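Take a look at the structure below.
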Amino acid sequence: MKLKIAVLSGDGVGPEVTEQAVKALDAVAEYFSHDFSFHEALVGATAIHKTGSPLPKKTIDTCKNCDTILFGAIGDPAFDNDPNTKVYPEQGLLNLRKELELFENIRPVIVYNYLLNNSPLKPENARGTNILIYRELTAGIFFGSKGTSDDGLSAFDACTYTAEEIERIAHNAFKAAQGRKKKLTLVDKSNVLETSRLWRRTVISMSKQYPDVTVELMYVDQAAAKIILNPKSFDVILTANLIGDFISEEASALVGSKGIMASASLGEKYSLFEPIHGSYPVATNKGIANPIGAILSAAMLLDHFDLSTEANAIKGAVTKAMELNLTTPDLNKQKPLSTEKIGDFIADYICNPDLTNFNIENIYLGQSTII
């Protein structure tokens with residue numbers, strides 16, 4: 001297969017982890033005889049410093065002229081600490097989602113057995129957790145009208161949804177549930193918010209089209225507690241933009257490190273894949289950022305294009321790295337591996353999947369993994 005991939009590395013550790021994801025995709029292309037080309041573009045604080053805009057038109061054009069997008073991270077504390085700033089790096093990602101109509105964010109939350117001791121939950125509570133979160137991404141309070149009074153003493157953020165915006169993501173969440181445990185949990189705040197009541201009415205009405213899926217209705221405060229108390233009780237979670245932002249962040253804490261979590265943002269025409277960990281500015285250029293989330297995002301990209309065997313090759317290499325405890329300080333404080341060396345090992349394993357013996361010391365020295 002031939003794929004043109006836009007690479008928006010962004011800010012902070014984004015370029016470091018994205019480089020490892022590209023390395024994994026290059027290994028897949030080599031081993032499976034595909035043709036993947038990569039086209040870099042600016043976004044976020046990096047783009048502001050160079051062009052004055054967090055999302056230059058050239059970047060939009062690059063994304064639209066490619067088959068898909070591999071995204072790194074976005075954000076810079078220099079902007080966060082200035083309340084008078086009118087242009088923020090994060091506007092680049094929000095505007096990109098809106099421009100490309102990436103209305104659907106999918107985030108897998110999987111607690112792996114070999115990382116049970118890294119989860120903040122007791123192993124018996126965390127074991128078996130496998131949640132798929134569907135978060136609406138281009139409507140709601142993030143994109144509603146906003147304003148501040150002339151005296152600066154009051155402000156507002158409007159939240160608006162249409163039934164159509166709810167239906168288009170709900171259909172996909174229902175279909176995902178059909179292929180899993182046939183359970184969908186709608187998380188909302190319908191005892192307070194009119195938009196949540198619309199979500200609830202719409203999803204209940206749609207459930208008649210999916211009689212094999214059990215629908216559970218849950219307020220966000222209840223869901224937040226239950227994710228900690230009994231995460232295995234969830235299968236597919238469907239929710240609005242702001243609530244999904246909170247719930248997915250909470251759920252990500254269960255796995256032991258945000259650095260290993262991937263996500264997909266999808267629309268009718270375009271797609272974007274990114275790790276969830278953010279720009280992590282204090283780790284920039286130190287070689288300590290975990291690239292697994294970015295690499296698994298590359299696997300999600302391959303799955304999106306029905307390259308499941310290739311995606312499984314990446315997942316298998318990641319699993320092997322984890323089994324050998326070859327990871328960054330967030331998961332291995334005693335003898336961590338650098339961001340780059342993890343990427344090297346995973347790319348090497350993808351091209352040599354029959355390896356059974358490894359010279360671990362050579363891996364730490366950045367030499368061949370093959371004995």
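A quick note: this is a predicted structure, and the numbers were derived from the prediction, not measured.
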Hydrophobic cluster membership, [X] vs [Y], 4.5 Å side-chain cutoff:
X: V17; Y: I260; result: no
X: W199; Y: I106; result: yes
X: Y210; Y: M218; result: yes
X: V318; Y: I350; result: yes
X: I133; Y: F142; result: no

Find out whether [X] and [Y] are in side-chain contact, i.e. whether some heavy atom of one side chain is under 4.5 Å from a heavy atom of the other.
X: Q91; Y: L55; answer: no
X: F305; Y: E310; answer: no
X: H304; Y: M300; answer: no
X: Y134; Y: N172; answer: yes
X: E136; Y: I166; answer: no
X: Y161; Y: N241; answer: yes
X: S252; Y: V109; answer: no
X: V87; Y: P54; answer: yes

request  = Please answer whether the main-chain N or O of T202 pairs with a side-chain N or O of S205 as donor and acceptor at a distance below 3.5 Å.
outcome  = no
query = With no hydrogens and no angle check, is any side-chain donor or acceptor of K4 less than 3.5 Å from a backbone partner on N65?
reply =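 Yes, because the side chain of K4 sits within donor-acceptor range (under 3.5 Å) of the backbone of N65.
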Between [atom1] on residue [X] and [atom2] on residue [Y], distance to nearest 0.5 Å:
X: L93; Y: F71; atom1: CG; atom2: CZ; result: 4.5 Å
X: L254; Y: I227; atom1: CG; atom2: CD1; result: 7.0 Å
X: L301; Y: L307; atom1: CG; atom2: CG; result: 8.5 Å
X: E16; Y: T339; atom1: CD; atom2: OG1; result: 5.5 Å
X: T59; Y: H39; atom1: OG1; atom2: NE2; result: 14.0 Å
X: E104; Y: T138; atom1: CD; atom2: OG1; result: 10.5 Å

Return yes when atom [atom1] of [X] has more than 12 non-hydrogen atoms of other residues, nucleotides or ligands closer than 6.0 Å, and no otherwise.
X: D151; atom1: CG; result: yes
X: E101; atom1: CD; result: no
X: K58; atom1: NZ; result: no
X: Y280; atom1: OH; result: no
X: E124; atom1: CD; result: yes
X: N117; atom1: CG; result: no

key: Aromatic ring pairing F36/F38, orientation class (parallel under 30°, perpendicular over 60°, tilted between)   =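 Geometry flag for F38 against F36: perpendicular rings.
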task = Measure the acute angle between the ring planes of H49 and F79, then classify it against the limits of 30° and 60° as parallel, tilted or perpendicular.
result =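 Tilted: the ring planes of H49 and F79 meet at 30° to 60°.
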inquiry  = Using a strict threshold of under 4.0 Å (side-chain N to carboxylate O), is an ion pair present between E249 and R107?
reply    =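 Salt bridge between R107 and E249, a charged N being under 4.0 Å from a carboxylate O: yes.
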Output a table of donor-acceptor pairs, distance under 3.5 Å, between side-chain atoms of residues 265-277 and any protein atom two or more places apart or on a different chain; print 'none' if there are none.
from, atom 1, to, atom 2, distance (Å)
S265, OG, N105, ND2, 3.2
S271, OG, T68, OG1, 2.7

Provide the closest heavy-atom pair for [X] versus [Y] in the form atom of the first, atom of the second, distance.
X: L96; Y: L102; value: O-CD1, 4.4 Å
X: Y112; Y: L296; value: OH-CD1, 4.2 Å
X: L331; Y: N325; value: O-OD1, 4.1 Å
X: N290; Y: S257; value: ND2-OG, 4.4 Å
X: T328; Y: A289; value: CG2-O, 3.6 Å
X: S196; Y: D188; value: OG-CB, 3.6 Å

Set of residues satisfying side chain to side chain donor-acceptor pair (under 3.5 Å) with respect to [X], sequence neighbours excluded:
X: T46; result: D11
X: N95; result: none
X: R127; result: none

ask   = Can you list every salt bridge (charged side-chain N to carboxylate O under 4.0 Å, His left out) pair that touches residues 59-68, not counting sequence neighbours?
value = K57-D61, K64-E99
note = Applied to residues 19-41, the salt bridge (charged side-chain N to carboxylate O under 4.0 Å, His left out) test, sequence neighbours excluded, yields K23-D344
